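Structure first, then comments.
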Amino acid sequence: MDPEMDSQLKIGFIGAGNMAFGIAKGILSGNALPANIKVSAPSSRNLGRFQELGVAVTHSNEEVVSGSDLVFVAVKPHLVAPVLTEISEHVTERHIIVSVAAGVTLATVEELLPENSVAIRLMPNLPCLVQEGALLFARGSHAKQEDGALLRSLLHRCGLVEEGPEAWIDIHTGLSGSGVAFVYLFAEALAEGAVKMGMPSALAHSIASQTVLGAGKLLRESGKHPAQLRSEVCTPGGTTIYGLHTLEQGGLRAATMSAVESATERARELGRK
Ligand SMILES: NC(=O)C1=CN([C@@H]2O[C@H](COP(=O)(O)OP(=O)(O)OC[C@H]3O[C@@H](n4cnc5c(N)ncnc54)[C@H](O)[C@@H]3O)[C@@H](O)[C@H]2O)C=CC1
Ligand SMILES: O=C(O)[C@@H]1CCC=N1
């Protein structure tokens, strides 16, 4: 989409939580204008920070739908059905409805919207806030390639945006939607290890976050397999291989694989509700 169109598209958010805020911030760092964005939530609690972005806020979901071309549904998964039921009569063929709810399938979304509605399922993650998200979307049965292209263009400043089959969305939820929390747990443990060895906590946390950032940036920018980079850090008989041996004994690799598996299974379970 050309930047001109990008700046004219009317964008709505139903739900004013952490993920809506992350996507809104990412979008606003591109060509979208705050005046073209409207957000709804039942209480004013979370709306203040959107107002600080210059975005219009309301308590009416209907108002968001009526005034938008593309609407992100960013409520908790169990609220998607009641919200779609509520807005359904206001959804027309001009709308693109984008659900970011974990687990909720395109079939469920399409069933609750008028026939032939354009629906897209998107799984973002919280680093959209700093334009380093990892987002995967799948198009519903009436969403054309150009609808996907429009969404991709809108989100391009949120981070890496990929399209795939719907079956991969739950996996991406475990890998990346939830995966960021797994990385935070690891970062916390790194820092706590340093605190245990006598380093002041603030410095340990600052160095741990820079270590995660630097490792991630090098991994992405080098395009190397993580095992290759890991071997480049390891001096034979040096410190790293001793530490890695301890991590393997603690089952970090198996535990991490199981974490992605559990989160994926949970997303699938949420989708069956
Ligand atoms: N937080 C994250 O890292 C990620 C969250 N998601 C998905 O995003 C969705 C939202 O998650 P969060 O932002 O974390 O939740 P949150 O609890 O921070 O936000 C939910 C928002 O929905 C609003 N809301 C509640 N009932 C509503 C209604 N009837 N109409 C309009 N708004 C209503 C709440 O006031 C709140 O502002 C979930 O479905 C989750 O699966 C997806 C990827 C990552
Ligand atoms: O925990 C959750 O269910 C959501 C989906 C991915 C990240 N947060």
Side-chain angles (χ1 to χ4, degrees), residues 12-27 37-53 55-68 71-88 90-91 97-106 108-109 112 119-130 132-138 151 155 158-162 166 168-185 259-273:
F13 287 88
I14 296 181
N18 292 320
M19 205 53 254
F21 189 67
I23 296 173
K25 267 200 88 175
I27 286 176
I37 302 183
K38 192 170 263 193
V39 183
S40 62
S43 90
S44 300
R45 202 164 43 92
N46 292 327
L47 292 172
R49 57 181 173 169
F50 285 88
Q51 284 174 303
E52 283 166 25
L53 294 177
V55 163
V57 301
T58 173
H59 297 310
S60 162
N61 296 337
E62 175 193 333
E63 195 182 316
V64 163
V65 176
S66 303
S68 307
V71 179
F72 291 99
V73 177
V75 296
K76 292 289 185 197
H78 70 282
L79 292 174
V80 171
V83 162
L84 292 181
T85 305
E86 178 197 339
I87 64 166
S88 181
H90 309 287
V91 173
I97 305 296
V98 183
S99 167
V100 304
V104 179
T105 62
L106 280 164
T108 299
V109 171
L112 293 160
I120 296 181
R121 188 174 162 198
L122 170 73
M123 180 48 53
N125 69 2
L126 209 52
C128 286
L129 272 170
V130 291
E132 292 292 358
L135 304 90
L136 181 69
F137 71 88
L151 181 68
L155 295 172
C158 289
L160 175 76
V161 185
E162 299 284 1
E166 188 179 11
W168 293 353
I169 302 284
D170 289 332
I171 304 173
H172 176 73
T173 307
L175 168 65
S176 193
S178 300
V180 285
F182 308 157
V183 174
Y184 294 140
L185 187 74
V260 175
E261 184 178 358
S262 313
T264 303
E265 292 295 0
R266 178 60 182 154
R268 289 176 180 161
E269 195 176 278
L270 288 172
R272 285 194 286 273
K273 285 184 178 163

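Whatever order the structure lists ligands and atoms in, that order sets their numbers, starting from 1. Since we're looking at a predicted model, the values are computed, not measured.
Here the side chain of N125 pairs a donor or acceptor atom with the backbone of A134 at under 3.5 angstrom. Judged purely by atom type and a 3.5 angstrom limit, S66 uses its side chain to pair as donor or acceptor with the backbone of E62. Counting only distance, with no hydrogens or angles, the side chain of S40 and the backbone of H59 share no donor-acceptor pair below 3.5 Å. With hydrogens and angles ignored, the 3.5 Å screen pairs no side-chain donor or acceptor of S176 with any backbone N or O of H172. No donor-acceptor pair closer than 3.5 Å links the side chain of H90 to the backbone N or O of V65. Although no hydrogens or angles enter the test, the distance criterion places a donor-acceptor pair under 3.5 Å between the side chain of S60 and the main chain of E63. A distance-only check finds a donor-acceptor pair linking the side chain of T105 to the backbone of T108 [under 3.5 Å].
Less than 4.0 angstrom separates some heavy atom of V83 from each of these atoms of ligand 1: 28 (C), 29 (N), 30 (N). Numbered from 1 in the order shown, with element, the atoms of ligand 1 that lie under 4.0 Å from a heavy atom of I14 read 31 (C). Close approach of ligand 1 to M123 (heavy-atom distance below 4.0 Å) involves ligand atoms 42 (C), 43 (C). In summary, the atoms of ligand 1 found under 4.0 Å from a heavy atom of P77, numbered by their order in the structure, are 38 (C), 39 (O), 41 (O).
Under the 3.5 Å distance criterion, with hydrogens and angles disregarded, no donor-acceptor pair is assigned to the side chains of D170 and T264.
For atom 7 (C) of ligand 2, the closest heavy atom belonging to the protein is G177 O, 3.4 Å. With respect to atom 26 (N) of ligand 1, the closest heavy atom belonging to the protein is L79 CD1, 3.4 Å. Counting only heavy atoms of the protein, atom 33 (C) of ligand 1 lies nearest to P42 CD, 3.2 Å. Summary of contacts: the protein heavy atom closest to atom 20 (C) of ligand 1 is A74 O, 3.9 Å. Ranking protein heavy atoms by distance to atom 8 (O) of ligand 1, first place goes to V100 CG2, 3.6 Å. Looking only at protein heavy atoms, the nearest one to atom 30 (N) of ligand 1 is N61 ND2, 3.0 Å. Nearest to atom 14 (O) of ligand 1 among the protein's heavy atoms is K76 NZ, 3.5 Å. In terms of protein heavy-atom proximity, atom 40 (C) of ligand 1 is nearest to A102 N, 4.1 Å. Distance from atom 9 (C) of ligand 1 to its nearest protein heavy atom, with residue and atom name: V75 O, 3.4 Å. Looking only at protein heavy atoms, the nearest one to atom 5 (C) of ligand 2 is A102 CB, 3.8 Å.
Here V80 has no heavy atoms under 4.0 Å from ligand 1, in either its backbone or its side chain.
Residue-to-ligand polar distances place M19 within reach of ligand 1: an N/O pair is separated by less than 3.5 Å. Not a single N or O atom of N125, backbone or side chain, sits closer than 3.5 Å to an N or O atom of ligand 1.
Under a 4.0 Å N-O distance rule, the pair R266/E269 qualifies as a salt bridge.
By heavy-atom distance, the residue among G15, P124, G177, S178 lying nearest atom 43 (C) of ligand 1 is P124. Of the candidates A41, A181, G17, A16, the one placing a heavy atom closest to atom 16 (P) of ligand 1 is G17.
Put simply, the side chain of S99 does not reach to within 4.5 Å of the side chain of L122, judged on heavy atoms. Contact check for V73 versus V100: no side-chain heavy atoms found under the 4.5 Å cut-off.
A cation-pi arrangement is absent between R121 and F137 under the rule of less than 6.0 angstrom and at most 45 degrees off the ring axis.
The nearest protein heavy atom to atom 2 (C) of ligand 2 is not closer than 4.0 Å.
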